[in-house]
Amino acid sequence: MQEDSGIARRLEAIRARIAAASVAAGRAADAVRLVAVSKTHDRVSVQAAFAAGQRLFGENRVQEAAQKFPFEGAKLHIIGALQTNKALEAVKLADCIESLDRPRLLDAIGAAGQKAGRMPEILVQVNIGDEPQKAGVALGEADAFIKLARTRLGPALTGLMCIPPAEGDPMPYFKRLAAMADAHGLAVRSMGMSGDYEAAIACGATHVRIGTAIFGSRPANVT
Ligand SMILES: *Cc1c(COP(=O)(O)O)cnc(C)c1O
């Protein structure tokens with residue numbers, strides 16, 4: 001019970017901060033959607049957030065997501081690195097896949113969409129800081145890859161996602177992603193997490209992905 005009310009209370013506080021950051025940026029109070037990242041947290045936590053009015057959730061692993069979703073009335077974004085052999089399950093389960101980052105996965109998602117007879121919204125994940133260890137299409141390849149994805153997916157490709165470098169000011173990276181989305185005429189910019197979502201909103205985020213600040217901390221080995 002206490003944990004439930006904690007989730008409700010934290011959600012309410014975050015919604016207020018999102019609205020305030022949106023207005024401060026000269027945007028509508030409801031311009032930004034909150035993706036509640038429930039990875040590592042159980043279905044009871046999802047239920048508590050749902051009871052507090054949250055409808056949009058993010059999970060980074062398809063198998064784990066399939067234990068909690070579909071959840072009636074809720075929408076699911078897959079936000080983590082996706083293996084090609086999980087593409088079909090992801091396409092069946094998710095309302096949006098935010099982590100398209102390479103041609104082989106594009107092929108797998110395209111084929112999965114044919115097979116499943118549905119295609120979720122798709123975002124291209126950009127390795128916005130060009131960090132060697134990070135997922136996402138390399139900066140130098142991003143323009144060509146976004147064009148390729150648009151050709152293959154058509155209107156299902158709705159935007160871009162990024163995770164900026166952990167150290168330093170994230171704003172230049174958020175601005176870079178927003179400019180890239182603008183250049184390609186893509187409306188969705190998924191950027192900003194528990195520690196930096198207000199900065200992301202100032203830079204034009206349409207979706208912020210927040211886990212820890214809603215559900216509490218995770219085991220250290222789960223990013
Ligand atoms: C885990 C995760 C988040 C949420 O991170 P928090 O710092 O817990 O808010 C957001 N985006 C992605 C891609 C993640 O893997």
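Just so you know, these numbers come straight off a predicted model, no measurement behind them. Both counts, for ligands and for their atoms, begin at 1 and track the order of listing.
- Under a 4.0 Å criterion applied to the non-hydrogen atoms of Ser194, ligand 1 contributes the atoms 6 (P), 7 (O), 8 (O), 9 (O).
- Checked against a 3.5 angstrom limit, the closest N/O atoms of Gly211 and ligand 1 fall inside it.
- Using a 4.0 angstrom heavy-atom cutoff, Arg218 counts as in contact with ligand 1.
- In this structure, Met180 is a member of the same hydrophobic cluster as Val137, with clusters built from ILVMFWY side-chain heavy atoms closer than 4.5 Å.
- Applying the 6.0 Å contact sphere to CD of Glu72 captures no more than 12 heavy atoms from other residues, nucleotides or ligands.
- Applying the 6.0 Å contact sphere to CD of Glu131 captures more than 12 heavy atoms from other residues, nucleotides or ligands.
- Some N or O of Thr212 is nearer than 3.5 Å to an N or O of ligand 1, by distance alone.
- Atoms of ligand 1 found under 4.0 Å from any heavy atom of Arg209, numbered from 1 in the order shown, are 4 (C), 9 (O), 10 (C), 11 (N), 12 (C), 13 (C).
- Hydrophobic clustering of Ile, Leu, Val, Met, Phe, Trp and Tyr side chains at less than 4.5 Å, counting indirect connections, keeps Ile122 apart from Leu88.
- Of all the heavy atoms of Lys39, the ones lying under 4.0 Å from any atom of ligand 1 belong exclusively to the side chain.
- Within ligand 1, counting atoms from 1 as listed, the ones closer than 4.0 Å to a heavy atom of Ile163 are 13 (C).
- For ligand 1, the atoms lying closer than 4.0 Å to a non-hydrogen atom of Ile210 are 9 (O).
- The local environment of CZ in Arg33 is sparse, with at most 12 non-hydrogen atoms from other residues, nucleotides or ligands closer than 6.0 Å.
- Annotation for Arg43: atom CZ counts as buried by contact number, over 12 foreign heavy atoms lying within 6.0 Å.
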